[in-house]
Amino acid sequence: MLHTMQLLLLATIVGMVRSSPYTSYQNQRFAMEPQDQTAVVGARVTLPCRVINKQGTLQWTKDDFGLGTSRDLSGFERYAMVGSDEEGDYSLDIYPVMLDDDARYQCQVSPGPEGQPAIRSTFAGLTVLVPPEAPKITQGDVIYATEDRKVEIECVSVGGKPAAEITWIDGLGNVLTDNIEYTVIPLPDQRRFTAKSVLRLTPKKEHHNTNFSCQAQNTADRTYRSAKIRVEVKYAPKVKVNVMGSLPGGAVGSIGGAGGGSVHMSTGSRIVEHSQVRLECRADANPSDVRYRWFINDEPIIGGQKTEMVIRNVTRKFHDAIVKCEVQNSVGKSEDSETLDISYAPSFRQRPQSMEADVGSVVSLTCEVDSNPQPEIVWIQHPSDRVVGTSTNLTFSVSNETAGRYYCKANVPGYAEISADAYVYLKGSPAIGSQRTQYGLVGDTARIECFASSVPRARHVSWTFNGQEISSESGHDYSILVDAVPGGVKSTLIIRDSQAYHYGKYNCTVVNDYGNDVAEIQLQAKKSVSLLMTIVGGISVVAFLLVLTILVVVYIKCKKRTKLPPADVISEHQITKNGGVSCKLEPGDRTSNYSDLKVDISGGYVPYGDYSTHYSPPPQYLTTCSTKSNGSSTILQNNHQNQLQLQQQQQQSHHQHHPQTTTLPMTFLTNSSGGSLTGSIIGSREIRQDNGLPSLQSTTASVVSSSPNGSCSNQSTTAATTTTTHVVVPSSMALSVDPRYSAIYGNPYLRSSNSSLLPPPTAV
């Protein structure tokens, strides 16, 4: 073989030396090249190779290894080049085909003696197929199983190329397709394979004493080879689980079970969420000595060794849960299970998501709702409130009319409706909606915001000022922030330490895949307030608030210290009509803290006060009263300094003119002419009494009006005469007749409409 390779190399070199651009020759070429083929072990294979105008030496290679240049291909007994030189046929014949022949083959021709170039055919792959060995079942000829307990039966087929296909058939001739696990394992030669199939069988009574078989075959041999196994099934107790659901009124219903006079629910009835569920396990076993165990989704229940299990508050997490009851006797154990069917309110498993779309494109909105029973889904387009779909997915073509907001509403009878919305945005050019005039402070950092709605998202946002684009090379004065916001983008141009020359017109340009928009934004300078003025203003405000606080505190304290004036001091009264009594303050008395002037009752008693200090008003309070009749007036002055003298004179005059005086209680008086005195008569008091307190006697009267304007008047119905009335109050009745303690004085509803008494002692 080495010698052959050396000859080919020498011939190639000689051909290259003899070749010349001016040499005339015919190129050698392939008339037929080999193609990929598949063969079964033991078959014959011929790979064709025909050459026209062959000048060089021809050989076949196997996986790039030369097989030789002679037709008999010495050293390879099963290989030979068949055909004739006259026809240029150098086809490779292989017989019998073996697994080792699985390789890549190529037909090659070296350069010709006159410099003809070498040629090579395409690679041809030969795939060798090997039938699998007969399958075997690893469990043997018999397998012992218990009813309803899964068993695994394994079937193995070795040496196939490709790997064997394994099929399972039960004792009734049915092809099994479920609960089968198929694996392929390569053999050490990396050419053949072992196929393994595991059948996970749940034996039933009808499987007892039946044969399960596995069949193996591949493309090399379509004749099935099989193996079989007999299944012996042991019968465990016959178990039945009944699901009992709580019914209205406390009744209990069952699914598929009988017992105890209970009301039976029809098969397929749902259990309402949050109700109580009772599960019953019944077993027909022999022997009858059995033990019970409960499972939920293969998780054992603690204390579940009874024939019943109760779930007091069943929730949706129990929906489709497998509740299993396992019963065991001396023969074995068996089990039965039920899947809980819980009725519960709808909730979203997947809400519809907003999306962007082009005009004419087709979009789908998905709304997945979890509920039991299945919900009724309705799609509503806003704002037309038109129903556009009734399934989980809503698919439509996007246009100006269909773009917008969509609601997915899910309804389950007996539960509240739920809804969710999504938007379908129509793609288009951006639109800038920022304020066209914005403001900043000279010397401070200024900001210009450019907000644009853009679907799809903006690709580029740029700023220009005075025709110059602002970028990172524009200096340290500017910086640009770009933030994505729902439905668009916001770009903020920040100007550090802004100066007057920074203010003017800026252009903001927003570009997306569908176009662009440009907005001119005017940056104006706001008038700034100097720091000194700010400080002065702040100090002024603080000082004002401090002074105001002090004044309020002083006012409150002074108000608390203010004493009530004497009860026998009344406000100024002025008669507005002819006749009567007028009382007024003398000039200079306005400086008093008392807002209203009150008439002094000479030596009068002040209730709730210190008699030694408060029995009369201070000397500065003077009352001047005048009695008018026929244009004349009589002035009576009442002064604190001469009040005792005045009282004595009045008493003497009283005894001289009236030696026998009738004692009358304090009352309202009427003159002899039939006119009424629209006031209350308060007599002057004596200086001494048995108990040390003054008494009221009527020697001289003061007349007080009760007119709405607060004037003091004595209006007489006779114009020509003046009537003087004296009222004498005995000392024994002085304390009891004080008008300020009478029922009439305290109750305004008992007074006459035109009568008035002194204010109560507590009045100010």
Side-chain angles (χ1 to χ4, degrees), residues 353-361 363 382-383 398-405 421-538 540-541:
Q353 302 295 320
S354 299
M355 59 180 58
E356 305 169 357
D358 293 310
V359 174
S361 63
V363 298
H382 184 78
V398 179
S399 64
N400 291 328
E401 291 76 19
T402 59
R405 190 177 190 181
D421 64 341
Y423 288 86
V424 176
Y425 296 102
L426 195 61
K427 293 182 179 180
S429 301
I432 298 176
S434 298
Q435 296 291 335
R436 294 306 192 260
T437 302
Q438 301 184 27
Y439 300 91
L441 291 175
V442 175
D444 196 2
T445 299
R447 294 173 177 264
I448 310 176
E449 292 185 349
C450 178
F451 170 77
S453 57
S454 176
V455 178
R457 178 180 293 182
R459 290 190 293 105
H460 177 67
V461 179
S462 62
W463 291 87
T464 60
F465 180 57
N466 292 333
Q468 298 294 325
E469 184 174 356
I470 299 173
S471 62
S472 57
E473 292 79 13
S474 301
H476 299 287
D477 294 348
Y478 296 99
S479 61
I480 299 175
L481 298 178
V482 179
D483 299 314
V485 297
V489 65
K490 183 180 77 172
S491 177
T492 305
L493 178 63
I494 302 175
I495 308 173
R496 303 183 185 87
D497 191 19
S498 61
Q499 302 300 322
Y501 57 82
H502 288 124
Y503 290 81
K505 296 180 179 180
Y506 288 80
N507 281 345
C508 174
T509 303
V510 181
V511 181
N512 67 5
D513 295 336
Y514 287 77
N516 62 79
D517 191 15
V518 181
E520 183 180 86
I521 301 176
Q522 178 77 28
L523 179 61
Q524 294 184 0
K526 290 194 297 186
K527 293 182 180 180
S528 62
V529 180
S530 64
L531 180 61
L532 179 60
M533 294 182 64
T534 303
I535 296 175
V536 172
S540 300
V541 172

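Only a predicted model underlies this, so the values are computations on that prediction, with no experimental measurement involved.
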Gap separating the NZ atom of K427 from the OG atom of S454, nearest 0.5 angstrom: 10.5 Å

Atom pair CG (D517) and CG (N512), whose distance is rounded to the nearest 0.5 Å: 10.0 Å

Donor-acceptor contact below 3.5 Å, side chain T509 vs main chain V518: no

For C508 against I432, the heavy-atom pair lying closest together: O-CD1, 3.4 Å

Separation between CG of D483 and CD of E449, rounded to the nearest 0.5 Å: 9.5 Å

R436 side chain to S434 backbone, donor-acceptor under 3.5 Å: yes

Worked check of side chain to side chain donor-acceptor pair (under 3.5 Å) between D477 and H502: CA-CA 9 Å; D477 294 348; H502 288 124; 3.3 Å; yes

Ring pair (Phe, Tyr, Trp, His ring centres under 6.0 Å) contacts touching residues 424-451 (sequence neighbours left out): Y423-Y425

From T445 atom OG1 to D497 atom CG, the distance as rounded to the nearest 0.5 Å: 7.5 Å

Spatial distance of atom NZ (K526) from atom CG (L523) [nearest 0.5 Å]: 10.5 Å

Please table the atom pairs, donor to acceptor, closer than 3.5 Å between any side-chain atom in residues 485-492 and protein atoms at least two apart or in another chain.
{"unit_1": "S491", "atom_1": "OG", "unit_2": "W463", "atom_2": "NE1", "d": "2.9"}

E356 versus P456, closest heavy-atom pair with distance: OE1-CA, 3.5 Å

Shortest non-hydrogen contact from A403 toward V398: CB-CG1, 4.5 Å

Nearest-0.5 Å distance, OG1 of residue T464 to CD1 of residue I470: 7.0 Å

More than 12 heavy atoms of other groups within 6.0 Å of Q435 CD: no

More than 12 heavy atoms from other groups under 6.0 Å of CZ on R405: yes

Donor-acceptor contact below 3.5 Å, side chain Y503 vs main chain L441: yes

F465/L493 under side chain to side chain contact (heavy atoms under 4.5 Å, CB included): CA gap, chis, key distance, verdict: CA-CA 11 Å; F465 180 57; L493 178 63; over 6 Å; no

